[in-house]
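See structure below.
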Amino acid sequence: DYHNPYLLMKRIIVLFSSVLALLSCGHREVVWDQPVMSCSTESSISILKVVINDEKTAVHMQVDYPPRSWFRFAKETYIDVGGKHYAITGADSINLGEFCYTNPTTGLKDLILYFEPIPKRTRMFDLLEGTAQGDFTFFNIRQKGVKLPKAKIPADFLPHNSDDEVWPEFAYSEEPVTIHIKALNYKPGMNPSIEVWHFDVTDPTTREGGQKIILNDDGTADFSTRIYVPQHVSVNYDARHASARFISIATPFLVPGAEITLLMDMNITADSVANAFGGCKGFMADFNNRYLRNSRLVY
């Protein structure tokens, strides 16, 4: 009854309260305490807090280097949210583009980077100086509990446990093996640390190691080496950042002259028990799965 003054006043109060709530929500800050990330090129810088409001986005960071170490953040640093860039606008405790130093006693340096305001509904973002080797990069920064979508592994890369595989003869050959790597959920600038380790039968006192695989901007790479005899080869992905160190290992069985393709998911991070290597296709891939079925490795 709109002629009832009591009901009319009640509706006005409810409407006024709703308007105030909307206005308050629009100006409210969004705070992420101790956010997590999937990977970073810098293992000694942690992100302590992210504050998002209508005027700016503030990223609170701590650098943990040896005492009196120098570093700098480029003036071109930006936040990437789904492909849209938000430029850096300033900083506290450092001058953008200039060298600064960590505490001469503790080696610590606290700082805040300010950026253009990102949408308050943002669930994750990247913070990048750029995507070149040597740039500071921090990927998939998000609140704790926000999960990353896992990559779907194609069926032909999953183990099939076929029974017609035959173990190859233990024969010497100088024909190279080739490892193709495809990183899923890959973003340019991630530059993951991937190394291949294997035994050099021509020198039994040594172990070849530290042969790095550098991914292209599309997350693919081809790596060739000589193993001389059939053997297991260790492919290691070492994801380090300030909050965690996460190592994934694949040990495919390789034969001189043959090749395999490995799939790895860049969204498998330290908050998961899964191995980043999730698929394999090529010579002996099925047999290798059976051979290592009691191992924590994926093949």
Problem set entry | Criterion side-chain contact (heavy atoms from CB on, under 4.5 Å) on F223 and I181, from CA distance to verdict | CA-CA 8 Å; F223 178 84; I181 288 187; over 6 Å; no
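- Between atom CE of residue M264 and atom CG of residue L262 there is a gap of 9.5 Å, rounded to the nearest 0.5 Å.
- Ion pairing between D156 and K281 holds under the 4.0 Å rule for side-chain N and carboxylate O.
- There is no side-chain donor-acceptor pair under 3.5 Å between D64 and S44.
- Here the CD1 atom belonging to I79 is positioned 8.5 Å from the CD1 atom belonging to I88, to the nearest 0.5 angstrom.
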For this session: Take T137 and D135 through the side chain to side chain donor-acceptor pair (under 3.5 Å) test and state the conclusion after the steps.
Result: CA-CA 6 Å; T137 61; D135 288 341; over 6 Å; no
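- In terms of heavy-atom proximity, C100 sits nearest to I94 at SG-CG2, 3.4 Å.
- A 4.5 Å side-chain heavy-atom check between P117 and N53 finds every atom pair outside the cut-off.
- Put simply, the side chain of D33 does not reach to within 4.5 Å of the side chain of K144, judged on heavy atoms.
- The hydrophobic clustering, which links ILVMFWY residues whose side-chain heavy atoms are closer than 4.5 Å, places I141 and V51 apart.
- Under the 3.5 Å distance criterion, with hydrogens and angles disregarded, a donor-acceptor pair is assigned to the side chains of K187 and N140.
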For this session: Kindly indicate, with the supporting measurements, whether the criterion side-chain contact (heavy atoms from CB on, under 4.5 Å) is fulfilled by I47 and V59.
Result: CA-CA 7 Å; I47 298 177; V59 181; 3.9 Å; yes
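- E259 is not listed as a side-chain neighbour of I179, based on a closest heavy-atom distance of 4.5 Å or more.
- Residues passing the side chain to side chain donor-acceptor pair (under 3.5 Å) test with K152, sequence neighbours excluded: none.
- Residues I213 and V233 share a hydrophobic cluster, clusters being chains of Ile/Leu/Val/Met/Phe/Trp/Tyr side chains in contact below 4.5 Å.
- Nearest approach of P66 to T102, heavy atoms of both residues: O-OG1, 2.9 Å.
- Here the side chains of F138 and T41 are not in contact, with every heavy-atom distance at 4.5 Å or above.
- You'll find the side chain of D265 reaches within 4.5 Å of the side chain of K150, heavy atoms only.
- Under the 6.0 Å cut-off for aromatic ring centres, F115 and Y86 do not qualify, their centroids lying 6.0 Å or more apart.
- The two residues P104 and P67 have their closest heavy-atom pair at O-CB, 3.1 Å.
- Note that OH of Y237 and CG of L215 are 9.5 Å apart. Values are rounded to the nearest 0.5 Å.
- Here the side chain of N275 pairs a donor or acceptor atom with the backbone of I249 at under 3.5 angstrom.
- In this structure, CZ in R142 is found 10.5 Å from CG in D126, a value given to the nearest 0.5 Å.
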Exercise. Hey, mind stepping through V235 and I194 against side-chain contact (heavy atoms from CB on, under 4.5 Å) and telling me if it holds?
Worked result: CA-CA 7 Å; V235 183; I194 303 174; 3.9 Å; yes
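- Partners of T57 under the side chain to side chain donor-acceptor pair (under 3.5 Å) rule, at least two apart in sequence or in another chain, do not exist in this structure.
- At a threshold of 4.5 Å between side-chain heavy atoms, the hydrophobic network of Ile, Leu, Val, Met, Phe, Trp and Tyr places I45 and L111 in one connected group.
- Around CG of D217, the count of heavy atoms belonging to other residues, nucleotides or ligands within 6.0 Å does not exceed 12.
- Residues in residues 176-195 take part in no ring pair (Phe, Tyr, Trp, His ring centres under 6.0 Å) pair, two or more places apart or across chains.
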For this session: Please lay out, stage by stage, how F71 and F99 fare under the test side-chain contact (heavy atoms from CB on, under 4.5 Å).
Result: CA-CA 5 Å; F71 69 94; F99 292 115; over 6 Å; no
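- One hydrophobic cluster, built from ILVMFWY side chains closer than 4.5 Å, cannot hold both Y114 and L128; they sit in different ones.
- Within the structure, side chain to side chain donor-acceptor pair (under 3.5 Å) pairs that include any residue of residues 65-82 comprise E42-Y65, D80-H85 (at least two apart or interchain).
- No donor-acceptor pair under 3.5 Å is formed between the side chain of K56 and the backbone N or O of T89.
- When hydrophobic clusters are built by joining Ile, Leu, Val, Met, Phe, Trp and Tyr residues whose side-chain heavy atoms come closer than 4.5 Å, directly or via intermediates, I52 is not grouped with I112.
- Between L254 and I227, the shortest heavy-atom contact is O-CD1, 3.3 Å.
- If you take CH2 on W32 and NE2 on H60, they are separated by 13.0 Å, rounding to the nearest 0.5 Å.
- For the pair I214 and A221, the tightest heavy-atom approach, listed with the atom from each and the gap, is O-CB, 3.5 Å.
- Between the side chains of T251 and S234, no donor-acceptor pair of N or O atoms lies under 3.5 Å.
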Exercise. When you look at N236 and E195, which way does the side chain to side chain donor-acceptor pair (under 3.5 Å) test go after all the steps?
Worked result: CA-CA 5 Å; N236 301 347; E195 295 182 340; 5.5 Å; no
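- No side-chain heavy atom of Q62 sits less than 4.5 Å from a side-chain heavy atom of K109.
- Applying the side chain to side chain donor-acceptor pair (under 3.5 Å) test to S224 and every residue at least two apart in sequence or in another chain returns T178.
- T122 places a side-chain N or O within 3.5 Å of a backbone atom of P119 that can act as its donor or acceptor partner.
- Here the shortest heavy-atom pairing between M266 and P192 reads CE-CB, 4.0 Å.
- Between M61 and the options L48, V50, D110, L113, a side chain to side chain contact (heavy atoms under 4.5 Å, CB included) holds for only L113.
- P230 has its side chain within reach of F253: a pair of non-hydrogen atoms, C-beta onward, lies under 4.5 Å apart.
- To the nearest 0.5 Å, atoms CG (D54) and CD (E29) are separated by 9.0 Å.
- In this structure the side chain of F139 never reaches within 4.5 angstrom of the side chain of M37, judged on heavy atoms.
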For this session: Please assess D238 against S193 for the test side chain to side chain donor-acceptor pair (under 3.5 Å), listing each intermediate value before the final yes or no.
Result: CA-CA 6 Å; D238 190 353; S193 175; 5.5 Å; no
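- Take T225 and apply the side chain to side chain donor-acceptor pair (under 3.5 Å) test, not counting sequence neighbours, and it matches H198.
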